[in-house]
Amino acid sequence: MKRESELSVQLKRLGGCLALGFVLALMVGKHEGSQRDYGFAFRQAVFAPRIFVFLGIGVLIYLLIIFWPRVTPYLQRPGVRPLAAGALTVVAADALLRWTDSGQIEGGKLGAMSKAAADTGSLDFLTRAFFGSIVPGTPWILLAVVALLAAAAIVLDRGTLAWSAAALAVLVGLWGFYAQASVRSFLGAPDHSTGALASLLGYLTIACSAVVVARSDAEHADTRGFVDRLFSWRPGLPLVVLGFVTGLISLLVATWFSPSNAVDKVYDLGSRFAGSGVSALTTAYVSWLVYALFVACVAVAGAATYLRHKALGWVAIVLGTVSVILTLVVLHDFTAVAAAAGFDGASKPWKNLGVGGWLLCASFTMLAGAGWIAATHKRADDVVAADLVAGDSDHLATTSANFNKVLLFVVIAGALFYPPMATPFWQSVLVSQIGIYVLLAIGLNVVVGWAGLLDLGFIAFYAIGSYTTAYLVGALPVKPPEWLILPPLAAIPFAIVICLLAGVTLGAPTLRLRGDYLAIVTLGFGEIIRIAANNNPHGFTNGPRGAINIPHPSIDLGFFKFQWGLEALPYWYLLLVLICVIVLLFTRLENSRLGRSWAAIREDEVAAQATGINTTRVKLLAFAIGASTSGVAGVFFASQVGVISPDNFLLNNSILVVAYVVFGGMGSLPGAMAGAAVLTWLPEFLKDQVPAEDRQMWIGAVILLMMIFRPAGLIPAKRRKAELSGLEKPASAETTAVPAGEGM
Amino acid sequence: MQDFLNFLVLGLTRGSMYALIALGYTLVYGVLQLINFAHSEVFMSGAFGSYLVVNLVAGDTFLPWYGVIGVLLLGMVSGGIVGAIVAYGLERVAYRPLRRRGAPKLAFLISAIGMSFFLSQLAGKMFNRQKNNFFPEYFDANKRIIEVNGVHVTLLQVIIIGSALAMMLFLDQLVSQTKLGRSIRGVAEDAPTAALMGIDIDRTIARTFIIGGALGGAAGFLFGTAFGFFNTMGFIPGVKAFAAAVLGGIGNIRGAMLGGLLLGVVEALVPSAPWGTSQSWIGLQWTDVVAFVVLVLVLVFRPSGILGERLGRAA
C-alpha cells in the first residue's frame, strides 16, 4: 500500500466539501424539473449566482475541518454547550418556527411578520423597533451581538463581559417576547405559535451560559456533572420549580376561556359567569380556590422535596391529583354552562378553552410528581451506605436516575395536557401519525431491537389487525355470524390472537433462516398480504376499495359511557392508555428470562443455543409478541379512520418502521418511541419549511446523517452503548482544555 | 407451445435484468455481508443518466437499425458510468464512515435506506416526478419484431438478453481471473487476513461498489427503455433483484445470475399457465405473490439459497 501525500488528502477533502455544497445547492430550491425541460431544476439550482453561496458553505466546512483541532480545546471551556444550544434554539425560532398562526400574515414566520409589523403604525415603538423599523433584520443583529458577546466572554474569560452578555441576553429575550405578545393582542386571534417562546428560552439559555462563564473557576466544563448535582441536590425540587413557573404563567398570562371576541384570564371568569348558573364549586374555584390550591400544592411539594419528607410527599400527591380533578370538573362545568346559555361562539362542553386550564393541570401534575419523587426517594443515609458498598459508579447511576424521573413526569404532564392545547391539525397528526407509529415501533422493537431479527414485513400484521377488525364489526362483504359481530374495541383480543397465529405461521418455517434471508422472506410476506388484500380472493377483502364504515370505538360500562367520534383528541387518550399498558408490559419483559434470552440470541445465536436456550421457541415468541402489538395498532387504526384499504399497508411503511426503531436506538424502548415520534413529526414540521414533495428527501438526509454521526441512535440502549464505546470512561477533558489564562 | 416460448422470452428478458441488478447486491454482500438497500437508487440514477445522454445524442432523428444498436450501447455505457459514480459516492457517504465507527449492522441498512429516499426524491426534484418518461416514438427498438416460428422476439429483447449475458460472462471472468477479482474474493473470504496480505480493503470495497454500480446502471438503461424512466423505478426491480440474489445464494455471483433468470422465468410462466388460453389458473395479478412463494419454498428447503453463499468459494 502506498501512502497518500498530504496534498492529495487535502485536495480530496476539499473536493468532498465542495461536492457537499453542490448537493446542498441541488436540495435547496423551489424549482422542479418537468417533462418539457428535464434540466430546468438543475439549471435553476446550479447556473445561478446562488451556487457560489453553497460552494462557499462547502469551503467553510472544509476550513472548519482543517482548524477543528485548534477549536476543540476551547469547546471544553465551561459555558460552551449551553451557548451553542441557546444560539441554535434562537436561530431555529427565528428561521423555522411560526411567530403567529393567524392567517393575516403569510406563513406566520418571523421574516413575514417583521415586514408586516415594522410598518404598522398602531403598534408601539418598542415592538416596531424589534421587528426592524429602525434597522432591518434587527432580530438577527441582536442574536449576533448577544452570541458574539457571550463567545468573547468564554474565550477571554472576563467576568464583566460575561455578566453584561447575560443581562443583554435576558433583555433581548424579553424584548422579543414582549414584541410578539403585543402583535398577538393587536391581531386579537387565537395563537398557538411557538417562535417567541422558543426564542425566549434560547436567550435564557445563553444567559445561563454567560452566568456559568462568570461564576465558574473550572478550566473545563462538566455539564453532565453539573446537571447531575443540580438534580440530586434535592430530588424533585426542579420539578417543583417547573410546576411553579407553569402555574404562574397559567394564572397570570394565559387565556382560560375564549368564545368569539373574548380572551378571559382566570380572574375574568368570575364576573363573566356571575349569575349564569354555574355550580358553587366553579364559583368558589375561580374566585379563590384555584389560588389556594396552587399555593398549597407548591408549598407542600416544595416542603416535601426540600425536607425529603415522605409523608409530606404523599400529601403532595393527593393534593396534586385532587387539584387536577377539580380543575377538569370546573373546566367542564363552565364550558357546558356557556354552551347551554348560548354565549356568543360557545359551542359544546370542553370547547372554547384557552391554554390556561390545561397549563394549570400540567403544573399540578408536575407538583404531584415532585411529591411522588419525595415520597419514594431513598433516604440520604441509605444512599451513602449503598455508595460505600457499591463504589462511585453506582452513585452516578442514582444521580442521572433523578434527572430521568423529572423527565418522566414532564413527559407525563405533556402527554396528558399538551394535546388539548394544540391546533386541530396537530391533534390529528398526534393521533394518526405519531401515536400509531409509536405503537408500531414499540412492537417492532421487540423483534428487531431485542431479538435482533430483521423484519421488513411488519406492516402485514398491522394490516391483519385492521382487516380482522373490519371483519368482526361486519364492514367487509363477508360478514361474520350474527352473534359474533362486535364493537371495535372488543376486537382487540381477537386481533391479538390472530396476529399471534399469523406471526407463528410466518415464523415457524422461516425462523431458522439467518438475518438477511429472514429480511427478504418477511418482506415477501408483507407484500403477499397486501397483494392478497388487493386481489380480493373469494370477495373477502373487497379489493382496492377496502372496508368502509367501520364504526368508531365506544365504551359502555353501565355507569360510564363514551363514544368516540370524528375529533382526533379523544382518540389520543385511548391511544395513550394502549401505549401505557403495552410499555408497562414490555418493560417487565425486557429484563425477564425471555428478554435476556432475546439479548443472548441477538448477540450470538450459537452461543445462546449452547447455553440451553431454545432459540426457535424464543424467536417465535418475539415474532408473535411483536405481531400482536402491531395487531392492536391495526384495530385502533381501523376504528379511528373508519376506512381501510390495501394502500394503507405499503412495503414502504414497513421499511419506515424499521428506520424509526433503528433511528431511535435499537433495543431501547424509549429510543424506539422517540425515533418514531421524531420521524413522524418531522414531515409535518417540514411542511412549513420546504416544498411538500421534497420532504422525503430531507428525511432521508436526516436519517443518513443520524446514522453517520450517531450510529447507536437517538437514545441508545445501555447494552449497545457499552458495546460501541467500550466500558471504560472517555478520556479526561483536562488534558485537552486550554488553561483559562491563555485565551486568544 | 409458441405461447409458452413467448412467455419464456419475456421471462428471460426480465430475468436477465434482475440478474444484472442482483449482481450488485451480491457483490456488495460478498465483501461486506450487508444488503445494499440503496442499490435500487444506483439503478435509477444510471437509468436517468443514460436517458439524458441518449436524448442529447440521438435527438429527434430517425435511426436505422445499426443506429439503434449504437444508441443502445451508448446508453448502457453512459448508464454504467453514472451508476458507478453514484455507487462510489454511496460507499463513501453511507458506508465508509459507519465502518470506521464500527456501527451495528442494522445501522448500515438504515443509512442505506436514508440514502435511497434521498436519491430517489432528489432525482424526482431534478428530473420530474411523472411516471411516463419514455424515449420518443422514433426510437422503435421495441417495435422491430423478429419472428421465428411464430415466436415473437423484439430487437430490444435480443439486445437485453445478449448484453446481459455478455456482462455476466465478463464479470465472471473478472472475478475469477484478474488481480482485482482475486482481491475481491480475498476480502469476501476473510477481510482481516486479506489486509495482512497487502490488500487495501477500503479500495477493494470501493471498487466492488463501482463494478456493481456499473452493472446496475446499465440494467437501469435497459429497464427504462422497456418500461419507462421515473424516479421510483428502482424500488420494485430492486426488491425483486434482492429476492433473486437471495434465491441463488446471496454473496454468490453465479447464484445471483441463476436466481435472477429463474425468478424472471417463474414470474412470466407460472401466473400465465396454462399458456395460450384466455383463462389462466392463477392470474397475472398474483405475479409477485408467486415470486415470493417460490422464494420462501426454496429457502425453506435450502436455507442458504440454491447455490449456497460465499463469493470466495463459488466464483
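Here is how names work: the chains are called A, B, and so on, in the same order as the sequence lines, proteins then strands, and each is numbered from 1. Since we're looking at a predicted model, the values are computed, not measured. Below, all heavy atoms of this structure are taken into account, side chains as well, without hydrogens, waters or symmetry copies.
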Is chain A contacted by the side chain of [X], its backbone, both, or neither, given a heavy-atom distance below 4.5 Å?
X        : result
B/Phe108 : neither
B/Leu52  : side chain
B/Gln130 : side chain

Examine whether an atom of [X] lies under 4.5 Å from a heavy atom of chain B, and if so say whether it belongs to the side chain, the backbone or both; otherwise answer neither.
X        : answer
A/Leu454 : side chain
A/Val23  : side chain
A/Ala532 : both
A/Phe709 : both
A/Leu705 : neither

Taking every non-hydrogen pair under 4.5 Å, which of [options] racks up the most with chain A?
options                               : result
B/Leu295, B/Leu122, B/Leu34, B/Val293 : B/Leu122
B/Ile110, B/Leu119, B/Leu299, B/Val93 : B/Ile110
B/Met126, B/Met115, B/Arg96           : B/Met126
B/Ile35, B/Val239, B/Asn128, B/Val246 : B/Asn128

Would you give the length of the straight line joining atom CD of B/Gln121 to atom CE of A/Met27, rounded to the nearest 0.5 angstrom? 11.0 Å
Any non-hydrogen side-chain atom of B/Ile113 less than 4.5 Å from a side-chain atom of A/Phe663? no
Do A/Ile655 and B/Phe37 come close enough that some side-chain heavy atom pair is under 4.5 Å? yes
Contact winner vs chain B - [options], heavy-atom pairs under 4.5 Å:
options                              : answer
A/Glu527, A/His31, A/Arg695, A/Glu32 : A/Glu32
A/Leu704, A/Leu456, A/Ile520         : A/Ile520
A/Ile528, A/Ile703, A/Val702         : A/Ile528

Nearest heavy-atom approach of A/Pro711 to B/Ala107 is O-CB, 3.9 Å
Taking all non-hydrogen atoms of both residues into account, name the closest pair between A/Ala701 and B/Phe118 and its distance. CB-CD1, 4.1 Å
Result of checking B/Leu109, B/Leu106, B/Leu98 against A/Met707 for side-chain contact (heavy atoms from CB on, under 4.5 Å): B/Leu98
Using atom types as modelled and distance alone, determine if a side-chain donor or acceptor of [X] lies under 3.5 Å from a backbone N or O of [Y].
X        : Y        : value
A/Asn535 : B/Gln285 : yes
B/Arg129 : A/Glu693 : yes
B/Lys125 : A/Gly29  : yes

Apply side-chain contact (heavy atoms from CB on, under 4.5 Å) to B/Phe292 and A/Ile531, showing your working. CA-CA 11 Å; B/Phe292 284 117; A/Ile531 296 169; 5.8 Å; no
